[in-house]
Amino acid sequence: MPGTETLTSIGIDIGTTTTQVIISDLTLSAPAYNGAASVDVLERRVRYRSPIRETPFAGDREIDTAAVGELIDTDVQDAGLTATEVDTGAVIATGEAARKDNAEALVTRLAEHTGEFVVATAGASLEAVLAGYGSGAGARSGTDGSTIVTVDIGGGTTNIAVFEDGEVLQTRCLDIGGRLVRFDDDGVVRAVAEPVRRCHPPDCPPIEVGTKRPEADRQALARELADRVFDAVEGPPFDEATRALAITDPPENAVDIDEVVFTGGVGRLVSDLDIDDRDPLEFGDLGVSLATAIRAHERFDALPVRRSAEDIRATVIGAGTRTTTFTGRTIAPAAELLPARNLPVIALEGLETADSVDAVRARTAAAIRAARNRRDITGTAALYASNVGPLTYDRLRLVARGIAAACDARSDEPRPVILLTEQNCAKVLGQLLESMTNAGPVMVLDELAVTEDEYVDLGTPVAENAAVPVTIKTLVFDE
């Protein structure tokens with residue numbers, strides 16, 4: 001496409017059961033010099049898919065760092081690339097893999113080694129969203145205006161996303177997966193994950209390591225897990241047994257469902273019409289039994305289930321094509337601050353109604369103080385003002401003076417001032433802030449929507465320095 005720019009993006013999904021890599025080309029819209037249009041991804045094209053391989057672990061508590069690194073290096077080479085040719089993307093640890101002792105250090109190391117702006121992330125809600133986008137359900141919801149629920153069932157977790165009109169409406173995440181119990185070739189229990197003890201069927205004795213359980217006990221546990229999955233899909237309200245397995249806070253508002261899509265390793269088995277003929281211990285875990293229980297469940301046929309074109313690869317495709325967004329074109333970046341990784345977001349609420357410099361200063365200072373105390377933030381953070389009021393010069397000057405005063409008044413050492421806003425005002429607001437504060441370098445980025453408790457990664461400018469790549473994420477390891 002004439003005048004466009006293409007970025008190479010990588011998605012690396014280190015999961016409880018499998019590790020996968022996707023490499024994609026992202027075609028960006030050409031710069032608009034009047035600043036009226038945002039930078040968009042015009043096309044996402046997958047150019048390389050790795051084999052689906054078992055995640056290498058070093059014992060029960062750690063991922064095998066060297067083995068994973070060798071797999072990814074091989075994939076980049078097989079795609080005909082070097083690490084310096086990878087522009088963006090994400091390394092995501094999912095399910096039980098995100099809880100291993102070395103998960104955070106591993107994905108951070110891989111991200112820094114793999115490309116210029118490849119980020120490290122984890123978190124069940126993000127995984128749910130990426131799987132929903134990677135399956136195509138998010139885009140289809142936007143095309144036909146439907147409400148689609150994606151149910152991504154992997155080895156360690158079940159991550160559910162609700163899409164409405166192409167936007168994420170809710171996520172619902174549970175400690176349910178096919179690898180919660182693992183067996184040897186003789187059917188003897190090798191490992192039992194803690195969540196099993198929170199959802200064990202009342203009529204069955206507890207599953208213990210070293211015991212060989214009859215098929216009826218495995219089926220009973222699989223049925224109990226399937227009950228929790230359907231309750232999570234159809235609620236609220238939610239059963240207390242479902243809430244006991246929830247990783248994130250369940251939503252309070254019910255939705256009318258137009259379509260349900262199953263993804264993930266177990267999700268692929270759910271779509272297998274011959275699932276009843278498979279060996280229940282084919283993969284040495286509960287995966288086949290759980291998928292069978294879902295297919296046989298009385299609520300399965302009552303749901304509008306649609307098979308996905310991408311099932312087991314849905315999360316990694318989402319990680320490789322959907323993690324990176326872009327700021328508006330009217331940015332005010334401080335070049336020395338980019339790239340910046342893992343910036344916690346501090347939301348400045350109510351600035352649009354603050355009618356004086358003192359009011360803006362007070363609300364900014366209170367938000368920074370509360371966030372630092374509650375979340376133990378000690379380094380640089382990203383302030384976020386979704387709405388600063390009317391975009392007049394006098395209004396922006398008032399807001400800039402208030403924010404500058406709050407930042408200058410901090411008693412600790414000067415820090416950069418990084419401000420994100422949803423409104424298109426970065427250049428003017430950034431210039432005003434820079435002239436008013438002594439706190440440190442100033443950077444303002446606009447046309448971004450984030451929330452408190454999220455984190456952002458900011459890359460180096462693209463599209464002729466007109467926009468900055470941004471990844472908005474949770475960052476949850478070892479939950």
Test side chain to side chain donor-acceptor pair (under 3.5 Å) on Asp13 and Thr94 and set out the steps. CA-CA 7 Å; Asp13 178 9; Thr94 59; 3.0 Å; yes
Flag, side chain of Arg223 to backbone of Ile294, donor-acceptor distance under 3.5 Å: no
Salt-bridge present (Arg140, Glu259; N to O < 4.0 Å): yes
Should we count CD of Glu194 as having more than 12 external heavy atoms under 6.0 Å? yes
Using distance alone, with no hydrogens and no angle criterion, decide if Thr55 and Thr19 have a side-chain donor and acceptor under 3.5 Å apart. yes
Name of the residue among Val316, Ile22, Ile23 meeting side-chain contact (heavy atoms from CB on, under 4.5 Å) with Val46: Ile22
Under 3.5 Å donor-acceptor, Gln170 side chain and Asn253 backbone: yes
Heavy-atom side-chain contact between Thr150 and Asp152 under 4.5 Å: no
So does Ala58 get a backbone contact from the side chain of Asp64, meaning a donor-acceptor N/O pair under 3.5 Å? no
Going by atom types alone, do Arg306 and Ser135 pair a side-chain donor with an acceptor below 3.5 Å? no
Using a 4.5 Å cut-off on heavy atoms from C-beta on, say whether the side chain of Val462 contacts that of Pro469. yes
Determine whether Ile207 and Asp217 satisfy the following criterion, side-chain contact (heavy atoms from CB on, under 4.5 Å), listing intermediate values before the conclusion. CA-CA 9 Å; Ile207 293 181; Asp217 285 1; 5.6 Å; no
Using a 4.5 Å cut-off on heavy atoms from C-beta on, say whether the side chain of Thr451 contacts that of Val345. no
Are the side chains of Tyr455 and Asp457 in contact, using a 4.5 Å heavy-atom criterion? no
Is Arg322 positioned over the aromatic face of Tyr133, cation under 6.0 angstrom from the ring centre and no more than 45 degrees off axis? yes
Is the count of non-hydrogen atoms from other residues, nucleotides or ligands lying under 6.0 Å from Arg374 atom CZ greater than 12? yes
Could you check whether atom CG of Asp165 has more than 12 heavy atoms from other residues, nucleotides or ligands sitting under 6.0 Å from it? yes
Asp272 meets the salt bridge (charged side-chain N to carboxylate O under 4.0 Å, His left out) criterion, sequence neighbours left out, with Arg278
Quick one: is the NZ or CZ of Arg172 closer than 6.0 Å to the six-membered ring centre of Phe238, and within 45° of its axis? no
Roughly how far, to the nearest 0.5 Å, is the CZ atom of Arg228 from the CD1 atom of Ile176? 7.5 Å
Taken to the nearest 0.5 Å, the spacing of Ile472 CD1 from Leu420 CG works out to 8.0 Å
Salt bridge or not between Lys100 and Glu96? Use side-chain N to carboxylate O under 4.0 Å. no
Glu234 side chain vs Ile257 backbone, donor-acceptor pair below 3.5 Å: no
Please confirm whether the backbone N or O of Leu290 pairs with a side-chain atom of Arg218, one donor and one acceptor, at under 3.5 Å? no
Is it the case that the side chain of Asp279 and the backbone of Leu281 share a donor-acceptor pair, with hydrogens and angles ignored and the cut-off at 3.5 Å? yes
Using the salt bridge (charged side-chain N to carboxylate O under 4.0 Å, His left out) criterion, which residues pair with Asp446? Sequence neighbours excluded. none
Salt bridge (charged side-chain N to carboxylate O under 4.0 Å, His left out) partners of Arg47, counting only residues at least two apart: Asp25
Flag side-chain contact, heavy atom, 4.5 Å: Val260 against Ile148: no
Tell me whether Glu43 contacts the main-chain N or O of Thr27 through its side chain, where contact means a donor paired with an acceptor under 3.5 Å. no
From Phe57 atom CZ to Glu62 atom CD, the distance as rounded to the nearest 0.5 Å: 11.0 Å
Under a 3.5 Å threshold, yes or no: a donor from one side chain and an acceptor from the other, between Tyr384 and Glu452? no
Would you check if Val270 and Ile275 make a side-chain contact, meaning some heavy-atom pair closer than 4.5 Å? no
Between the CG atom in Leu383 and the OG1 atom in Thr421, the distance rounded to the nearest 0.5 Å is 11.5 Å
Using modelled atom types only, decide if a donor and an acceptor are shared between the side chain of Thr121 and the backbone of Ile92 within a distance under 3.5 Å. no
Could you tell me if the side chain of Cys199 sits less than 4.5 Å from the side chain of Leu225, heavy atoms only? yes
Measure from the side-chain N and O atoms of Asp231 to the backbone N and O of Asp239, and report whether any donor-acceptor pair falls under 3.5 Å. yes
So, the side chain of Gln20 versus the backbone of Ile312: is there a donor-acceptor pair under 3.5 Å, distance only? yes
Test item: Pro201 and Glu224 side chains (from C-beta on) under 4.5 Å apart, heavy atoms: yes
Give, for atom OG1 of Thr18 and atom CD of Glu54, the distance between the pair rounded to the nearest 0.5 Å. 9.0 Å
Passing option when Val107 is tested against Val91, Val118, Val119 for side-chain contact (heavy atoms from CB on, under 4.5 Å): Val91
Check the surroundings of atom CG in Asp185: do more than 12 heavy atoms from other residues, nucleotides or ligands lie under 6.0 Å from it? no
Distance from Arg44 atom CZ to Thr321 atom OG1, nearest 0.5 Å? 5.5 Å
Derivation of the salt bridge (charged side-chain N to carboxylate O under 4.0 Å, His left out) call for Lys212 and Asp186: CA-CA 8 Å; Lys212 186 171 183 178; Asp186 296 321; 5.9 Å; no
